[in-house]
Amino acid sequence: TLFYVNPFIAMGFASQNMLSPASVGLALSWPLHCVIMLGISSLLLIFSTLCIRRVGLRQATGQAGLFLSRRERQMADKKLRAKTVSRSASGRIRPVKGSPIIWKEMITLWTKNFQLGAIITTTLAVLILVIAYGYCAYADFLGHEATHIVFILVYFFFGLLRTATSAATSITSEKEAQTWPILLTTPLTEKKIVFDKIVGSCLGGWAFWFLLVVHIIVFSLVGVVPPAAVLPLALLIVSSMMLVSTVGVFFSSCFKRSSISATINLILFFSFTAPICCPSPLPSYLVSPLFAAIMILGVTGGWSGIERSFQQARRGWDWFGSFLFSGLALLVLVAIYLSLALGAFVIAVTNIRRGSLQPATK
């Protein structure tokens, strides 16, 4: 009877019966299996519905979880009361320096970095980086252009990804927490709020930007990365970062849920950066910042391997290749990025108060 609660066994029996109808001993009713699984799912859903409100209320008030022992709950509640009393008795107010929105984003980021999960993740990331650089140095790979292409693209991609995810939830998180109407009642103008949200989302990926800048500077001083590529890469990184952040804040101003804003923004983000992973002769392939970064490194460093790696991608638009390799093409690409970012910024500013007084639950 336990076979009826195992979807893999039920699928195997159904496939065997379909391929060999004359087989004996494999009788298992798949409709009965579906009914049993549907009943179990319904019971779990009902149980979750009954528990979710109670769990949400306890978490919202900072109380202990439902599945802790009674003694642990009492200790957690006691710590919460003592912490509340100490805060009210101290009367200390943390001073705000500079822009309040950027200050809040940095304080939130700084607080999250000292959580146990963030500490473990950071430790593992540092360990992986040490192993990667150590292995490349031991195998004498640091003198190959392909190695630096991989490092630069990884830092660049994850920096843009972290900026996009942070920007897409910068305003919707305020709406879900019911703090967005309070922010709009402050003396801050719409332009100031949107601009600070953009800057705060760019600072959210500071770790990847720091690694990218350090890698480019160190290996350009060594002579492996062409020094002539530093300024073009800086223009490309800043302009693409501003575009990704501004578009994310624009989507965040249009929706009331972080899930919807993040999903749409990520789809557009991968459409913007993914052509480097699936070369195609389409014009959209030429506006990818990752592709442009590789072209900058290949042109300034004279790396012939770049052309061999993208022969299939360049088929059909060789007449445009020489123009892409020129500095004018980079300036045009940067101008496109900044123009799109400016358009998204203007729309976000005009859209910032539209429906802002309606709660996020409606």
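These values consider heavy atoms only, across backbone and side chains, with no hydrogens, waters or symmetry-generated copies.
Among all heavy-atom pairs drawn from S258 and T169, the shortest one is CB-CG2, 3.8 Å. Across all non-hydrogen atoms, the minimal contact from L290 to T273 is CD1-O, 3.9 Å. Shown here for G205 and R162, the closest heavy-atom pair between the two residues is CA-CG, 3.6 Å. Counting all heavy atoms, side chain and backbone alike, S253 lies closest to N351 at O-ND2, 3.1 Å. Listed here is the closest heavy atom pair of F255 and I264: CZ-CD1, 3.4 Å. T185 and I182 make their closest contact through OG1-O, 2.5 Å (heavy atoms, listed as atom of the first residue, atom of the second, distance).
Residues T246 and Y337 fail the side-chain proximity criterion, which asks for heavy atoms closer than 4.5 Å. You'll find the side chain of I36 reaches within 4.5 Å of the side chain of L32, heavy atoms only. Contact annotation: the side chain of W209 never approaches that of L203 to less than 4.5 Å [non-hydrogen atoms, C-beta and beyond]. A 4.5 Å side-chain heavy-atom check between P289 and F156 finds at least one atom pair inside the cut-off. Residues F345 and F195 meet the side-chain proximity criterion, which asks for heavy atoms closer than 4.5 Å.
Put simply, F151 and F141 are part of two different groups of oily side chains (I, L, V, M, F, W, Y) that touch within less than 4.5 Å, one to the next. By the rule that hydrophobic residues join a cluster once side-chain heavy atoms approach within less than 4.5 Å of another member, V35 and I40 end up as members of separate clusters.
Residues that satisfy the salt bridge (Lys or Arg N to Asp or Glu O under 4.0 Å) test with K192, not counting sequence neighbours, are D196. Listed by chain and number, the residues in a side-chain hydrogen bond (donor to acceptor under 3.5 Å, both in side chains) with S201 are S245 (sequence neighbours excluded).
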List the atom pairs, donor and acceptor, that lie under 3.5 Å between side-chain atoms in residues 212-236 and the rest of the protein, sequence neighbours left out.
unit_1: H215; atom_1: ND1; unit_2: Y133; atom_2: OH; d: 2.8
unit_1: H215; atom_1: NE2; unit_2: H148; atom_2: ND1; d: 3.1
unit_1: S220; atom_1: OG; unit_2: I216; atom_2: O; d: 2.8
unit_1: S220; atom_1: OG; unit_2: I217; atom_2: O; d: 2.8

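Remark: K197 engages E174 in a salt bridge, criterion side-chain N to carboxylate O under 4.0 Å.
Aromatic ring pairs are classed by plane angle as parallel below 30°, tilted from 30° to 60° and perpendicular above 60°; the pair F208 and F158 is parallel.
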